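Because only heavy atoms are used, hydrogens play no part in the values below, and waters and symmetry mates are left out as well, while side chains stay in. Just so it is clear, the structure is predicted and the values come from calculations on it, not from any experiment.
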Amino acid sequence: MDEQVKATLLELLKLDLGFSHTARDKYLNALIPSTEKELTRKGLVLDMNEIDDQMLVVDYAAWSYRNRQEYIPLPRNIQIRIHDRAIKKAGTPNVIQ
């Protein structure tokens, strides 16, 4: 993921969480690639130049941040988006698995 995409994801994540300061930037900058890797381990193929994949990472990272100290199930809308991408991958010919 290039630096421009990282900056965009950080900005979107901070907007989602309601942060206007930089106090948590170090944590959030670690959370974003961690979230991308977690989604990849779930079997998704993400293109971080696509806005819908960027928003999935941001939404999943925001949920992870908000629920890091307690267990609250993943919201249904994020589950559906993950499922849709998994189906999209399965339906794509010549995908390396």
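Inter-residue side-chain proximity for Y65 and R24 is flagged as met; some heavy-atom pair is nearer than 4.5 Å. A heavy-atom distance below 4.5 Å is not found between the side chains of K14 and L12. In this structure, the side chains of D52 and R85 come closer than 4.5 Å at one or more pairs of heavy atoms. By the 4.5 Å heavy-atom criterion applied to side chains, L13 and F19 are not counted as neighbours. Looking at heavy atoms from C-beta onward, K42 lies in side-chain contact with Y60 at the 4.5 angstrom threshold.
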Going through the checks in order, is the side chain to side chain contact (heavy atoms under 4.5 Å, CB included) test met by L15 and V58?
-> CA-CA 10 Å; L15 285 170; V58 167; over 6 Å; no
Should L9 and M1 be marked as a side chain to side chain contact (heavy atoms under 4.5 Å, CB included) after you check the CA-CA gap, both sets of side-chain angles, and the distance that decides it?
-> CA-CA 10 Å; L9 294 177; M1 161 180 356; 3.5 Å; yes
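Salt bridge present: E3 and K6 bring a charged side-chain N and a carboxylate O closer than 4.0 Å. Ion pair D53/R81 not flagged as a salt bridge, since none of the NZ, NE, NH1 or NH2 atoms sits closer than 4.0 Å to an Asp/Glu carboxylate oxygen.
Atoms CD and CE, on E36 and M48 in that order, are 5.0 Å from each other to the nearest 0.5 Å. Separation of atoms CD1 (I72) and CD (E70) is listed at 4.0 Å; rounding is to 0.5 Å. Rounded to the nearest 0.5 angstrom, I82 CD1 and L39 CG are separated by 5.0 Å. Atom CD1 of I32 sits about 11.5 Å away from atom OG of S64, to the nearest 0.5 Å. Taking CG of D59 as the reference point, atom CG of D16 lies at 6.0 Å (rounded to 0.5 Å).
In terms of modelled atom types and a separation under 3.5 Å, the side chain of Q79 and the main chain of L74 share a donor-acceptor contact. When atom types are taken as modelled, the side chain of T8 and the backbone of Q4 share a donor-acceptor pair closer than 3.5 angstrom. The backbone N or O of W63 sits nowhere less than 3.5 Å from a side-chain atom of R66 that would complete a donor-acceptor pair. Here the side chain of D2 pairs a donor or acceptor atom with the backbone of V5 at under 3.5 angstrom.
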